[in-house]
Amino acid sequence: MPADAKASITELHRLIIEGDYEDKSVEVAQQALQAGATPMEIIEQGITNAMRVVGQKFEALEIFLPEMIRSAEVAQATLEVLKPHLEKSTSKAGDKKVILGTIQGDIHDIGKNIVRVVLIANGIDVVDLGKDVPLRNFLDTAEKENAKYMAISVIMSTSLSYAADLFELLNQGDKRKNFKIMVGGGCTSQEWADKVGSDGYGATAQDAVKHMNSWNAS
Amino acid sequence: MAHSSLFFEALDKAESGRIVSEQEFDKDMYARIKRLLQKYPDIKYNPQVLCPADDGLADSLYQAGVELAAEVGIYVLSSQRIIRYSREEILRYMSLLRGDIPLGQGNEQVHMRQRAVEGSSLPLVIGGGAGSPIGEGDDYVKFIQSCACEPVVDLINNGSPATIEGREPKAGSPLELHGAINEVSWIREGARRAGRPGMPMMVGPGMAVTAITVAGAINEARGIRRGDIVLVAILNELKTDYDRLNRAVILAENAISAVSLIDPVLGGYAGPPEGVALVGVASCILSSLIYNLESAIFHPIHAHYKNGATTPPATLWIENVVTQAMARNSAFQICNNLFTVARAGNKMVLYEVAANSIGSTASGGHIGPGVGGIIGGPDQDCITGLEVRFMGETAKAAAGMTRKETNRIIMELVGRYEKQLQSPPPPRKFRDCYDWNRVVPKPEWFELYTQVRDELAELGLRV
């Protein structure tokens, strides 16, 4: 890789870790492209690496959710600029899109927000539906976004039934086979995930990444 | 506190002013937290001093909390507006708190009274499931009975029924309402079987997600009644909504005391331990104003540990400093939630209980609800009355102790369980630890309790 491109990627890496302005990071990403870096090199060495550092700092509680969100915003803004170039190079990075949300009846979202940032940190595209998400929104959005993956957060036991209803909805329409679905949150467990027919259970945000990587590899 | 014009003032503020997005509110709040922590550099977490004897820190935390409350206000999710009070209004309203909440009925009447830091008055002990998942019906009643039969327990608290009529409960559904009505009747029955029918409840209830459920569970004969105290949450961070405000109205109209539930998240929007403490103080103050109450269940949550535990070092510090800040500067009372990582049947849970409860007492608080775990967590029926007894015994034994001495014991105890926080011993079920029919601890579990009690005596705390 040309030296100028490397320097731009290094600068991009720093901007994302520091949560510096989107305009600046977009400009630096474009400079890296012009200097000869490929979109995947910029994503892997600039964005994903930087977000991994952000994730490690969060694990060590050197930074907190607001800083992580800031870094994720910068990373996502940069990804948007690179996406058109990715499609041209027929990269499969665009296949990694997950629909994320806290299930209907549940208004907790901090854990879900942490998962969102960690997924973005690992180069995964996230469509975040927010909290108290009606069942059908998961399916409708996944179909609209052409996404194959869903990640459902359930903190309260009184919302477990809604999450189970989502699996039932997908089975009824014979659409279950179209998606890989993971569940996580305070009141979920591997046992419950198996019972409802989930493809994966996450006790931590990193588990979400492991599932996505394993599903993409197969 | 009586239902007053303060409430209508809050309603007016919730419906007026600029419409603001939740994200904008969060960003603004975090920026102000960072600025206030720079302004008050003595608000500093020291992992070696989890129960600080630093009045300056406590007072700075309170002052910073007042400033945060005045600058940020409370965000109303339902109207997307902010309820704000000026610093002068906050100080004036806080000065009106009475510091005495009568609870219970007949010979079980107690008073939740303001305590002092290092005060010799005994803390109230709120014992029960604190949200832990418990089987329905007789399983629930027996567990409550195992807590209520402990003389050291003053108020009884709910768990969270895992099923209702064999069905999974569902938020907002008729089953939630039916479940909450059943649940409080089980709590009443458990207390009655322990010979304490007048015992006050401090409850959610565990099944009650929505305000209508609280309304449905009010019943002088078998449900929530006058003399009980019911929680109304402040949502993370510094937020509320119509449903929470509705709860406050329901309770006020029925002359039932309210207690706020405040659970800021370490690692979340409040940032570091110092920020969480700051949000804790601001939440206490603002909850008093908008919900018309004089006490809070305080529960800082560590994002990295299971069960929403309060016993990791940082969350112990947060509970202790917030309690000290409020006790030194107001008549607002803190009841420190006690959630452990370990569950019943091992020494670790008892170490956690002791470390949490003695810090709370020395800091001027009451203890509980405890001993709990996050609602709907995977370990069903893994709590017993014995660790609840231990919570009460250690809390009351610590009355009159200095913070310095309390900290010494806390650090010893934390040293005995800290390494296991990410991999606690496997939990044991109530029926493994207790004679289910007679509702007494089995010898093996009681022996562990005796050993830890003796260890504490060697450390200087006799229970």
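Just so it is clear: chains get the letters A, B, ... in the order the sequence lines come, proteins before strands, and each one is counted from 1. The figures here come from the full heavy-atom set of this structure, side chains too, leaving out hydrogens, waters and symmetry mates.
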task: Take atom CZ of B/Arg167 as the centre, draw a 6.0 Å sphere, and report whether it contains more than 12 heavy atoms from other residues, nucleotides or ligands.
output: no

To the nearest 0.5 Å, atom CD of B/Gln23 lies from atom CD1 of A/Ile69 at 8.5 Å

When you look at CG of A/Asn146, are more than 12 heavy atoms from neighbouring residues, nucleotides or ligands closer to it than 6.0 Å?
no

Applying a strict 4.5 Å limit to non-hydrogen atoms, the region of A/Ile63 in contact with chain B is neither

The interface call for B/Leu235 against chain A, heavy-atom contacts under 4.5 Å, is side chain

Between the NZ atom in B/Lys239 and the CD1 atom in A/Ile107, the distance rounded to the nearest 0.5 Å is 10.0 Å

Heavy-atom side-chain proximity of A/Ser157 to B/Ser160 below 4.5 angstrom: yes

- Polar side-chain atom of A/Tyr162 near backbone of B/Ala171 as donor-acceptor pair, under 3.5 Å: yes

Let's go through B/Glu168 and A/Trp192 carefully: what are the C-alpha distance in whole Å and the side-chain angles of both, what is the deciding distance for side-chain contact (heavy atoms from CB on, under 4.5 Å) to 0.1 Å, and is it a yes or a no? CA-CA 12 Å; B/Glu168 278 188 7; A/Trp192 177 82; 4.3 Å; yes

Bottom line for A/Asp106: the part with an atom under 4.5 Å from chain B's heavy atoms is neither

Those residues at least two apart in sequence (or on a different chain) that pass side-chain contact (heavy atoms from CB on, under 4.5 Å) with A/Val209 are A/Val118, A/Leu119, A/Asn122, A/Gln206, A/Asn213

Whatever's closer than 4.5 Å to a heavy atom in chain A on B/Tyr30 counts as side chain

Heaviest contributor of heavy-atom pairs below 4.5 Å to chain A, chosen from B/Ser173, B/Ala270, B/Pro169, B/Gly275, is B/Pro169

